Structure formats: structure tokens, C-alpha cells
**Student:** 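Handing you a structure now.
Since the model is a prediction, treat every value here as computed from it, not as a measurement.
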Amino acid sequence: MRAQLARVDAVLVQALIAAALSFAHIHDIATAAGQDGWKAWAYPISVDLLLVAAWRRLRSGSGKGAAWCWFVIALAASLGANVATAGLLDLADVPAWLRILVAGWPAVAFLGGTLLAHSAPGASPVAVAEETEDEMDQEDEPEPAREPSTPVLPAIDAPPERAPVAAPVVAVPAALVAHARKVAAEHHTRTGAPIDTPTLRARLGVPAPMAEAIAAQL
């Protein structure tokens, strides 16, 4: 237990040192680029917040492409400030292109943070299937098949007729019907034609009787 705490403490100390140094380097670059006062302190905060937002999206397991893109952008801003303040850049004579990058960074950070924090990732098929199974478990048992009606006695010279047997009623969860409507609307938008039952069954991955019952409710 103590060894584990020692490893955790070492990681925390290392993270605090790296964060403090990077914070100071970005502050120095912002000051050299003409962003003095409180503005120079706001720049490293925006870089760190963008890194945190990108890291949280990566940990969520969805939208990893956008998360990696903004994580690399924020990491490049932090790493670039660290390298530039290591003697490779004359802070007394900052080039014009660096001043442009520093001045445009707030808009870039705001765009990236907004996209990462407020973009809703699409529901995965596994999540939809789990939600459907949960709601199907909560639903009442399917209605039993109705008994065939008693046949009417035919005339003497006529052969006996069999009464039609009603098809069993398939219970369809409301969540699955709502998801099917979204799939049908997407198909109609993409192809311009209503979705047919085989295509609907393939998209939802349900048996044929349930697909027909869902198609009847669309």
C-alpha cells in the first residue's frame, strides 16, 4: 500500500512540475507577443482547459478522431511554448507570425472546447441494443396467440371449411419503434424512397415477424 502511494505521489509531483513549467512558458510567450497583464495569464489556462476537454473525450470512448485532433493542437501549443523559451527564440524580438498565432489562439481554443464539450456523439448499435433489451424485459409478456374460432357446420353437399388462424401478435418496444423511425427517416433522406421491410430488418437486426410489426407502425 505504501509503495503504491509512493508511486502515486511521485506521479502527482511530476505532473505539478510539468504543469507549472508549461504554464510559465506559455505566459512568457504571450507576454512577449504583446498580450500583457491578465491576458497573458489567460492563455495558459485556455491551453490546459483544451487539453483536459480533449482528454475527457478520449476517455469517453466516442468521437476519438476529433478528440485526438484537438489534443494534438493543444499539445503543440504547450510544447511549442516550452521549446521557444529554451533559448531558440528572442523574446525581445518576436516574429510577426508568432504574434498572429498568439492573437488568434483564443478563437481556436473556444472552437475546440465548444466542439468537444457540446457535440453529442451518436448512439452506438451496442447501446441501442442494450436499451432495447432492457425495455423488452420491463414490458409485459407478449399476448398469447388467439385460439382459432369454431368452424361453422357446412351444408351436407359442401366440404367442411377451416376457420383462419390468427397470426400471433408480436410486442414491439416503444424505444425500438422510435429508433426504427429514425432509421426510416435517414433512409428516405438518403435515397428518396421509403424503407422496405427487408432493409429495415437488416438495419435493426431483428427477426422477420418483429420487422413486419415495426414496419406496420411506421
Side-chain angles (χ1 to χ4, degrees), residues 1-134 175 178-179 182 186 189:
M1 183 66 179
R2 293 182 178 179
Q4 184 177 3
L5 290 177
R7 289 197 298 270
V8 172
D9 291 341
V11 171
L12 290 178
V13 171
Q14 183 68 21
L16 290 175
I17 293 174
L21 291 175
S22 179
F23 195 94
H25 291 161
I26 298 175
H27 171 270
D28 295 342
I29 289 294
T31 303
Q35 307 294 332
D36 53 354
W38 66 269
K39 294 180 288 185
W41 294 105
Y43 274 86
I45 295 176
S46 69
V47 174
D48 291 343
L49 288 179
L50 186 58
L51 279 172
V52 171
W55 177 249
R56 291 191 62 182
R57 176 55 67 87
L58 288 174
R59 293 292 301 273
S60 68
S62 59
K64 288 188 176 182
W68 273 116
C69 177
W70 290 108
F71 184 82
V72 170
I73 292 175
L75 184 63
S78 178
L79 184 61
N82 296 339
V83 175
T85 55
L88 300 180
L89 180 67
D90 185 7
L91 297 182
D93 185 17
V94 177
W97 61 266
L98 183 57
R99 293 178 182 271
I100 295 174
L101 289 179
V102 172
W105 172 257
V108 175
F110 175 76
L111 176 63
T114 302
L115 294 177
L116 290 173
H118 299 288
S119 59
S124 61
V126 177
V128 174
E130 292 178 353
E131 181 181 358
T132 304
E133 291 178 359
D134 294 340
H179 180 61
K182 295 180 182 179
E186 179 186 357
T189 302

**Student:** Could you pull out every donor-acceptor pair under 3.5 Å between side chains of residues 72-82 and any protein atom, sequence neighbours left out?
**Tutor:**
unit_1, atom_1, unit_2, atom_2, d
Ser78, OG, Ser22, OG, 2.5
Asn82, OD1, His25, ND1, 2.7
Asn82, ND2, Ser78, O, 3.3

**Student:** Sequence neighbours excluded, which residues qualify as side chain to side chain contact (heavy atoms under 4.5 Å, CB included) partners of Pro106?
**Tutor:** Tyr43
**Student:** Kindly compute the distance separating CG (Leu51) from CZ (Arg56), expressed to the nearest 0.5 Å.
**Tutor:**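 Separation between the atoms: 14.0 Å.
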**Student:** Just do the side chain to side chain contact (heavy atoms under 4.5 Å, CB included) check on Leu111 and Trp70 with the steps written out, would you?
**Tutor:** CA-CA 10 Å; Leu111 176 63; Trp70 290 108; 4.2 Å; yes
**Student:** If every non-hydrogen atom of Ala54 is compared with every non-hydrogen atom of Ala67, which pair is closest and at what distance?
**Tutor:**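 Answer, listing the atom of Ala54 first, then Ala67: CB-O, 3.6 Å.
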**Student:** For residues 30-42, run the donor-acceptor check on the side chains, cut-off 3.5 Å, and write out each pair with its distance to 0.1 Å, sequence neighbours left out.
**Tutor:**
unit_1, atom_1, unit_2, atom_2, d
Thr31, OG1, His27, O, 2.9

**Student:** At their closest point, which heavy atom of Gly113 faces which heavy atom of Leu50, and how far apart are they?
**Tutor:** N-CD1, 3.6 Å
**Student:** The criterion is side chain to side chain contact (heavy atoms under 4.5 Å, CB included); which residues satisfy it with Leu49, sequence neighbours excluded?
**Tutor:** Ile45
**Student:** Restricting to side chain to side chain contact (heavy atoms under 4.5 Å, CB included), what partner residues turn up for Ala53, sequence neighbours left out?
**Tutor:**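 Here the qualifying residues are Leu116.
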